[in-house]
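For reference, the structure is listed below as structure tokens.
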There are 2 protein chains.
Amino acid sequence: MSGSNKPRSRWRSGATIKDVAAAAGVSPMTVSRVLNKEPVVTLATREKVLKAVGDLDYRPNFSARSLAKARSFFIGLLYDNPSAGYISEFLNGAVARGKADRYHLVLEYCPSGLQSVFSDANVDGVILLPPVCDDINTIVAVERLGVPYVRISPDLAHEKGLQITIDDRAAAARMVRYLIDLGHREIGFIKGHPNQGASREREAGFRAVMAEGGLPVREDFVVQGYFSYKSGLVAAEVILSKTDRPTAIFASNDDMAAATVAQAHRLGLEVPTDLTVVGFDDTEIASAVWPTLTTMRQPIREMAEAAVDQLIAMINNVDAAESPRNSSFVCELVQRDSSG
Amino acid sequence: MSGSNKPRSRWRSGATIKDVAAAAGVSPMTVSRVLNKEPVVTLATREKVLKAVGDLDYRPNFSARSLAKARSFFIGLLYDNPSAGYISEFLNGAVARGKADRYHLVLEYCPSGLQSVFSDANVDGVILLPPVCDDINTIVAVERLGVPYVRISPDLAHEKGLQITIDDRAAAARMVRYLIDLGHREIGFIKGHPNQGASREREAGFRAVMAEGGLPVREDFVVQGYFSYKSGLVAAEVILSKTDRPTAIFASNDDMAAATVAQAHRLGLEVPTDLTVVGFDDTEIASAVWPTLTTMRQPIREMAEAAVDQLIAMINNVDAAESPRNSSFVCELVQRDSSG
DNA sequence: CTGTTAGCGCTTTCAC
DNA sequence: GTGAAAGCGCTAACAG
């Protein structure tokens, strides 16, 4: 940190609630009531106050309000290297939803393993994105914080804390059924990162439907990936370099599906003519590659909105916090050009 | 908002600085000094205090500290639909850098046009991402806030406020020289969104080098894009559907370059055999498509770190704020598979 | 419907 | 090197 800490000799203006009260000829308390939209205030009084607020360009002091209300009006967002598309989509939803209730988002980068959570922030609630939502150290740290929290697409069910999920298994099952309906019999599968519950669920959905359809799963067509583009490249090569190969590959996310398409091209295979490729999530990349990817759209934005909503409800209403109402979102099959 | 607002009957723990002081047998003031790492305190005292802090699991109240210090320790980040890759990269840098000085980032979504900036947050400084950094209403609103701000890759030079830029013109020039060195003579260009200065600069760099090399610019090979994948698809079609076409296309960002590759494929052209395509930014998509894109890497993370650094310096030191030291970052040509 | 009093938890200032 | 008093700007709780 640099030098002397003398603050604000020119920053920050300074009209306080007292100034507004004086200008409007009322008490600070009345100003406070107007600002907090309490319905009791007379219309006339309200207007006087609002005028004074405008004249003085008054902006309430967040810290003072927080201190008095014993609330920070901040929600912490714990993340750790999600794909760019995922986090940016999530942020859009969460920021918009928080704004309505005057909540702001504070970002905390949480490389799992490091338990350096919340060095000193005081937030009213916390949202944990995968895979942080499954890091036990982080969860413990958040619980010690004593604030409500929401876990997004978590793996293990954990006593407290609300969970916002999608039914990964059902969604994966739907995708495999789609492939079978298309006439595919030999279907390859690229698994997701083993540190995420979604990976197991998606695989389970895949296997369930294959079994259901009486189709044997060729274990050498099921390979480990890690949700990254690179890992998809490797996995696809393993599957496609065999003399016999599947007619379709279901990758556990879009990045790996995109990589599979690229690998297919490299090996001289046309998509979808020679090989059908499908992904999961419907992140940006799904519409960016060529051919565009058939995938399972995860309603990330809606999930973010729900997370913020529920969190605010829990912050306001302790009862709600006692009996969290987990919610599960449904995915939508988005058919594009990579399947046939 | 839901129901009654009775707070924290079970959330929030509660050890205050007084409790710590009592436990350590010192005054609150001494605890404060220890916590703020003021060097005056005796080692013995310091240790007593630290032990009490640990025992009580004390975490300082951010709001109280902010109120007393007249500082929020929050930095606002104003954004408006940047590409996912851009914002997520920027966030990584900014969050990490802020952490070192106990600053946190608060996100504000600022659809330009709407001047709904900072409904009520009080931040110590503001970072404006493009294109918000060029929205005059937003700039005015931020100036009225009375806090220092940094603009990232801004268009018009504006009196106050620090600017973190790259030399778009020079970078674009370098890319065009690279293409010429590769033997290309007929080079197409897809412009960026006209609301961003970077677009004009990149085009200027393109034209300068073409002129420098004595190569005429075919105006029908220069078409308008808007930085989106879709706009790139359209632009590329315009250029490539002619009977004669350029041997190389320089798109003003990666999304449009990726779209150009896709469009080329659709038209039966091989990249780079039949057509060289290059982009700008080196965002995620550049390594995600096939063939991977040759592009100009913009050091987004470093720029984010610099922005936070400078902002904190300005917050702490008014003198620094008087004479902002703008900084310009250099880009790096990343050669991949889409050029030849 | 509006005002008064007190205090949130911390830090500043000034003593000692 | 440490402590006591006062106050940051706001709102809860109570009066009236």
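Just so it is clear: chains get the letters A, B, ... in the order the sequence lines come, proteins before strands, and each one is counted from 1.
In this structure, T30(B) and T16(A) both approach DNA chain D, and ranking their closest nucleotides by distance from the 5' end singles out T30(B). Residue-to-nucleotide proximity on DNA chain C shows that, of M29(A) and S63(B), the 5′-proximal contact is made by M29(A). Looking at which nucleotide of DNA chain D each of V41(B) and A68(B) is closest to, the 5′-most match is held by V41(B).
Using a distance-only test at 3.5 Å, with no hydrogens or angles considered, no donor-acceptor pair links the side chain of N92(B) to the main chain of E89(B).
Taking atom CG of residue N36(B) and atom C1' of nucleotide dT12(C), one finds them 12 Å apart after rounding to whole Å. To the nearest angstrom, C1' of dG9(D) lies 14 Å from CG of N61(B). L35(B) places its CG atom 8 Å from the P atom of dC10(C), with the value rounded to the nearest Å. One can place CD1 of I17(A) at 19 Å from P of dG7(D), the figure rounded to the nearest angstrom. Rounded to an integer number of Å, the gap from K18(B) NZ to dT11(C) C1' is 14 Å. Here the C1' atom of nucleotide dA4(D) and the CZ atom of R33(B) are 11 Å apart, to the nearest Å. Remark: P of dG9(D) and CZ of R65(B) are 17 Å apart, rounded to the nearest angstrom. Atom NZ of K69(A) is separated from atom P of dC10(D) by 13 Å (rounded to the nearest Å).
We find that E47(A) and K51(A) are not joined by a salt bridge, their nearest charged nitrogen and carboxylate oxygen being 4.0 Å or further apart.
In terms of heavy-atom proximity, S153(A) sits nearest to D134(A) at O-OD2, 4.5 Å. Across all their heavy atoms, P130(B) and Q196(B) have their closest contact at CB-NE2, 3.7 Å.
For S27(A), a side-chain nitrogen or oxygen approaches OP1 or OP2 of dG3(C) to under 4.0 Å. For dT11(D), one of the phosphate oxygens OP1 or OP2 lies less than 4.0 angstrom from a side-chain nitrogen or oxygen of S32(A). Put simply, T45(B) has a side-chain N or O that comes within less than 4.0 Å of OP1 or OP2 on dT2(D).
Picking from dG9(D), dC10(C), dG1(D) the nucleotide with the shortest atom distance to the side chain of T42(B) gives dG1(D).
At the heavy-atom level, S66(B) lies nowhere under 4.0 Å from the strands shown.
At a cut-off of 3.5 angstrom, the base of dG1(D) holds no donor-acceptor pair with the side chain of R46(B).
In summary, the side chains of N316(B) and R71(B) do present a donor paired with an acceptor at a separation below 3.5 Å, with no hydrogens or angles considered.
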